[in-house]
Number of protein chains: 2
Amino acid sequence: MTGVLYALSDPVRLAIVKHLAEDGGKACGTFCLPVAKSTASHHFRVLREAGVIQMRPEGTQYINSLRREDLDARFPGLLDSVLRATGPI
Amino acid sequence: MTGVLYALSDPVRLAIVKHLAEDGGKACGTFCLPVAKSTASHHFRVLREAGVIQMRPEGTQYINSLRREDLDARFPGLLDSVLRATGPI
DNA sequence: TCCATTGTTCTATGATTTACGAACAATAGG
DNA sequence: CCTATTGTTCGTAAATCATAGAACAATGGA
């Protein structure tokens, strides 16, 4: 639980999650994040290891998606309330 | 938003919040936290500055309480989902 | 085969965080 | 006035984290 909350408590990572909530199935390079790609890779890993997202390799890139069902099963309503409170992108 | 999530992402602080959710109006010394009192004071401050709790001085001690209404107004459902997902103390 | 694209991994650095003890302030009680 | 209680603040040490650049691996296209 604390791991998920911590993963969501960073502005860059929360931006990633919000983008994925609007339209999933996006490659890492499509996020326009204000950090270097090595830093972005770090944030994707934190989200992945916290169980918030999953990454599927496809060609030279990774397709990211939110693990909505797993999160809703473990922490009902949490992701929804976070996304609703932060508003659209 | 990220400030609240961060405040809730520490085990000690989450324990404080859960205790206050069960029965509010408790002084700092009544929590049996596994840290020194200076460290506990730090955690109470993080929660206070994130807007999660409020502390009211009363004699030599501080009475803590959850800022439920403010939190529910700013982030509807967030605190409830966190408390529900973590279960009872 | 050669090159571009995509993202990871490694290493380093600066900032933040958690932790503790000691000293301090404020209050209450004797 | 003296002491105990409660919690804060200060100084510091250790750990963690965010960040970036360089090198690397894997894939796909020319």
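A note on names: the letters A, B, ... follow the listed sequences, proteins ahead of strands, and every chain is numbered from 1.
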Between the protein and nucleotides 15-17 of chain C, which nitrogen or oxygen pairs are less than 3.5 angstrom apart?
| unit_1 | atom_1 | unit_2 | atom_2 | d |
| --- | --- | --- | --- | --- |
| dT17(C) | O3' | Tyr6(B) | OH | 3.0 |

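- Hydrophobic cluster of Tyr6(A): the remaining members, joined at side-chain heavy-atom separations below 4.5 Å, are Tyr6(B), listed by chain and number.
- Taking Val46(B) as the reference, Ala7(B), Arg13(B), His42(B) meet the side chain to side chain contact (heavy atoms under 4.5 Å, CB included) condition, with sequence neighbours excluded.
- Contacts between residues 17-29 of chain B and DNA chain C, defined by a heavy-atom separation under 4.0 Å, are absent.
- Sorted by first and then second residue, the salt bridge (Lys or Arg N to Asp or Glu O under 4.0 Å) pairs involving residues 43-60 of chain A (not counting sequence neighbours) are Arg56(A)-Glu58(A).
- In this structure, Thr39(B) does not reach the dA19(C) phosphate: none of its side-chain N or O atoms is under 4.0 Å from OP1 or OP2.
- Listed by chain and number, the residues in a side chain to side chain contact (heavy atoms under 4.5 Å, CB included) with Ser41(B) amount to none (sequence neighbours excluded).
- Residue pairs meeting the salt bridge (Lys or Arg N to Asp or Glu O under 4.0 Å) criterion with at least one partner in residues 79-89 of chain B, sequence neighbours excluded, are Arg68(B)-Asp80(B).
- Applying the salt bridge (Lys or Arg N to Asp or Glu O under 4.0 Å) test to pairs two or more places apart or on separate chains, those with a residue in residues 20-42 of chain B are Asp23(B)-Lys26(B).
- For the segment residues 43-54 of chain A, residues with any heavy atom less than 4.0 angstrom from an atom of DNA chain D are, sorted by number, His43(A).
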Please list each protein N or O that sits under 3.5 Å from an N or O in nucleotides 23-30 of chain D, with the distance.
none

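- The side chain to side chain contact (heavy atoms under 4.5 Å, CB included) check on Thr39(A) picks up Val35(A), Ala36(A), His43(A), with sequence neighbours excluded.
- The ring pair (Phe, Tyr, Trp, His ring centres under 6.0 Å) analysis of residues 44-65 of chain B, with sequence neighbours excluded, yields the pairs Phe31(B)-Phe44(B).
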